[in-house]
**Student:** 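Can you read through this structure? Questions will come right after.
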There are 2 protein chains.
Amino acid sequence: MSGGTVTVGEAARLTGVSAKMIRWYEARGLLPPAARSAAGYRHYGEADIRTLQFVRRARDLGFDVEAIGELLALWHDRDRPSAAVKAIAQSRIAELRRRIAALEGMARSLERLAEDCCGDGRPECPILDDLAAGEGKPVKSG
Amino acid sequence: MSGGTVTVGEAARLTGVSAKMIRWYEARGLLPPAARSAAGYRHYGEADIRTLQFVRRARDLGFDVEAIGELLALWHDRDRPSAAVKAIAQSRIAELRRRIAALEGMARSLERLAEDCCGDGRPECPILDDLAAGEGKPVKSG
DNA sequence: ATGGAGCTTCCCACCGTGGGAAGGTCAAGG
DNA sequence: CCTTGACCTTCCCACGGTGGGAAGCTCCAT
């Protein structure tokens, strides 16, 4: 083989996916079983490395394992309709937007409360008051 | 009795914290061990219910169990400096902002890619191309 | 007294990741 | 040849929160 094959550790270094996670992805079926040496060591060729880089990038974009599996399948399918890929991306975008909105709501509430808290040595604290009173006052507009 | 005491299930209904989580919070030390009936049933009084509501509200604001524990302690301490509470809130805000920024970066990258993907029946797909090529092109400015 | 709702504890699962133990392998150096 | 140390293998455990469910007990209404 042109490029020579590498062990998990090397593959991890080359791709930024930890050896632990590489094995885990394989066990989960995200990656096909790696080739093994006589002694049982996993070995990765150039194509495997490219796959791992794909996985890493997808992971960095917030796709979960299942979605990455679907993306890999589409990647390998030369006849895929780009609409299928786009659909996955868009549902991920929607999920990300949902989570962002939830966190944003929390952050805004807390910022409002922290603003009202003088934050000195005195015990009066609107933050605790809010937590204690806590009528479902989600974020409101102001 | 003024309020009467209630069982876990009732407390769950009153506070929106599931019975399962109430037991778990107790096991984790977030809540003091509940009073028990002769038969071993947990019983909660009005103060306990208020505490659970406090916990629920704090949880909804994105505090983790450890932070909620600290907030509870400060809540019970009449001499607390409000600065201590504010500090916790602010570090939580910072954490939320960090997570929001990370998710926002992912969402923006994906949106950019999805925009470039015509999403029809043809196989050409800039999303997959990006995942495959994936040089660390984080989010950039656009 | 019986049925069913509700309680108890305990275990298992998820997701993605890391830590570490126990043991096998490989290459380098003595 | 043998040791050493880095690396590999598998397996188990943990995290944070949450839910599911089993086995067994209790309580209340009929």
Side-chain angles (χ1 to χ4, degrees), chain A residues 4-31 33-44 48 52 54-72 91-92 95-96 98-99 102-103 106, chain B residues 4-31 33-45 48 52 55-72 91-92 95-96 98-99 102-103 106:
Chain A
T5 63
V6 297
T7 59
V8 251
E10 204 65 31
R13 258 164 255 131
L14 289 171
T15 61
V17 181
S18 74
K20 215 97 179 182
M21 290 314 297
I22 294 177
R23 297 193 196 101
W24 186 76
Y25 289 149
E26 180 185 331
R28 305 263 26 219
L30 183 59
L31 304 172
R36 301 288 189 130
S37 74
Y41 282 28
R42 287 175 179 80
H43 279 275
Y44 298 89
D48 303 309
L52 279 168
F54 183 104
V55 169
R56 168 147 159 59
R57 175 95 178 115
R59 195 188 58 178
D60 287 351
L61 282 173
F63 290 99
D64 58 23
V65 192
E66 193 190 337
I68 297 177
E70 294 166 16
L71 290 170
L72 275 176
S91 90
R92 196 60 22 185
E95 171 65 17
L96 287 168
R98 238 174 288 133
R99 284 162 59 187
L103 296 180
M106 298 176 194
Chain B
T5 64
V6 297
T7 60
V8 251
E10 204 66 30
R13 256 164 259 133
L14 289 171
T15 61
V17 182
S18 73
K20 212 96 179 188
M21 290 314 297
I22 294 177
R23 296 193 196 101
W24 185 76
Y25 289 149
E26 180 184 330
R28 305 274 359 237
L30 182 60
L31 304 172
R36 301 288 189 129
S37 73
Y41 282 27
R42 286 174 180 79
H43 279 275
Y44 299 88
D48 303 308
L52 279 168
V55 169
R56 165 141 159 68
R57 175 96 178 115
R59 196 188 58 179
D60 288 350
L61 283 173
F63 289 100
D64 59 22
V65 192
E66 193 190 337
I68 297 178
E70 294 166 17
L71 289 170
L72 275 175
S91 89
R92 195 60 22 183
E95 171 65 17
L96 287 168
R98 238 174 288 132
R99 283 162 60 189
L103 297 180
M106 298 175 194

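Here is the naming used below: chain letters follow the sequence lines, and residue numbers restart at 1 for every chain.
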**Student:** Considering only distance and modelled atom types, tabulate donor-acceptor pairs under 3.5 Å from the side chains of residues 33-43 of chain B, sequence neighbours left out.
**Tutor:**
from	atom 1	to	atom 2	distance (Å)
Arg36(B)	NH1	Gly40(B)	O	2.8
Ser37(B)	OG	Ala39(B)	N	3.3
Ser37(B)	OG	Gly40(B)	N	3.4
Ser37(B)	OG	Tyr41(B)	N	3.1
Arg42(B)	NE	Glu26(B)	OE1	2.9
His43(B)	ND1	Thr5(B)	OG1	3.4

**Student:** Please report the interatomic distance CG(Leu52(B)) to CZ(Arg57(B)), rounded to the nearest 0.5 Å.
**Tutor:** 15.5 Å

**Student:** Does dT9(D) have its OP1 or OP2 closer than 4.0 Å to a side-chain nitrogen or oxygen of Arg42(A)?
**Tutor:** yes

**Student:** Which donor-acceptor pairs under 3.5 Å do side chains of residues 10-22 of chain B form with protein atoms, sequence neighbours excluded?
**Tutor:**
from	atom 1	to	atom 2	distance (Å)
Glu10(B)	OE1	Arg13(B)	NH1	2.7
Thr15(B)	OG1	Ala11(B)	O	2.8
Thr15(B)	OG1	Val17(B)	N	3.2
Ser18(B)	OG	Met21(B)	N	3.1

**Student:** What protein N or O atoms touch nucleotides 26-30 of chain D N or O atoms at under 3.5 angstrom, if any, and at what distances?
**Tutor:**
from	atom 1	to	atom 2	distance (Å)
dT26(D)	O4'	Tyr41(B)	OH	3.1
dT26(D)	O2	Tyr41(B)	OH	3.4

**Student:** I need the Glu70(A) CD to Ser91(A) OG distance, nearest 0.5 Å.
**Tutor:** 8.0 Å

**Student:** Does Arg36(B) have a side-chain nitrogen or oxygen under 4.0 Å from the phosphate oxygens OP1 or OP2 of dT9(C)?
**Tutor:** yes

**Student:** Enumerate all atom pairs, one protein N or O and one N or O from nucleotides 15-17 of chain C, separated by less than 3.5 Å.
**Tutor:**
from	atom 1	to	atom 2	distance (Å)
dC15(C)	OP2	Arg28(A)	NH1	2.9
dG16(C)	OP1	Val65(A)	N	3.2
dT17(C)	OP2	Tyr25(A)	OH	2.9

**Student:** Looking at every non-hydrogen atom in both residues, tell me the closest pair between Leu72(A) and Leu30(A) and how far apart they are.
**Tutor:** CD1-O, 3.6 Å

**Student:** In this structure, how many angstroms lie between the C1' atom of dT9(C) and the CD1 atom of Ile22(B), rounded?
**Tutor:** 16 Å

**Student:** Just to confirm, is there a sub-4.0 Å distance from OP1 or OP2 of dG6(C) to any side-chain nitrogen or oxygen of Thr7(B)?
**Tutor:** no

**Student:** Starting from P on dC11(D), measure out to CD on Glu26(A) and report it in whole angstrom.
**Tutor:** 12 Å

**Student:** Residues from residues 9-17 of chain B sitting under 4.0 Å of DNA chain D, heavy atoms only?
**Tutor:** none

**Student:** Would Trp24(A) and Val65(A) count as a side-chain contact (heavy atoms from CB on, under 4.5 Å) if you check the C-alpha gap in whole Å, the side-chain angles of each, and the deciding distance to 0.1 Å?
**Tutor:** CA-CA 11 Å; Trp24(A) 186 76; Val65(A) 192; 3.9 Å; yes

**Student:** Please find the pair of heavy atoms, one from Asp60(A) and one from Met106(B), that lie closest to each other, and give the distance.
**Tutor:** O-CG, 3.5 Å

**Student:** Round to a whole Å and report the spacing from CZ of Arg23(B) to C1' of dC11(C).
**Tutor:** 14 Å

**Student:** Regarding dG17(D), can its base be found pairing with the side chain of Lys20(B) as donor and acceptor, where the two atoms are less than 3.5 Å apart?
**Tutor:** no

**Student:** Compute the bend angle of the helix from dA1(C)-dT30(D) to dG30(C)-dC1(D) from the end axes (five pairs per end), rounded to 10°.
**Tutor:** 30°

**Student:** Check Gly62(B) against Arg92(B) and note the closest heavy-atom contact, atom names and distance.
**Tutor:** O-CD, 3.3 Å

**Student:** Please determine whether a side-chain nitrogen of the Lys or Arg among Glu95(A) and Arg98(A) lies less than 4.0 Å from a carboxylate oxygen of the Asp or Glu.
**Tutor:** yes

**Student:** Expressed in angstrom and rounded to an integer, what is the separation of Asp60(B) atom CG from dG17(D) atom P?
**Tutor:** 13 Å

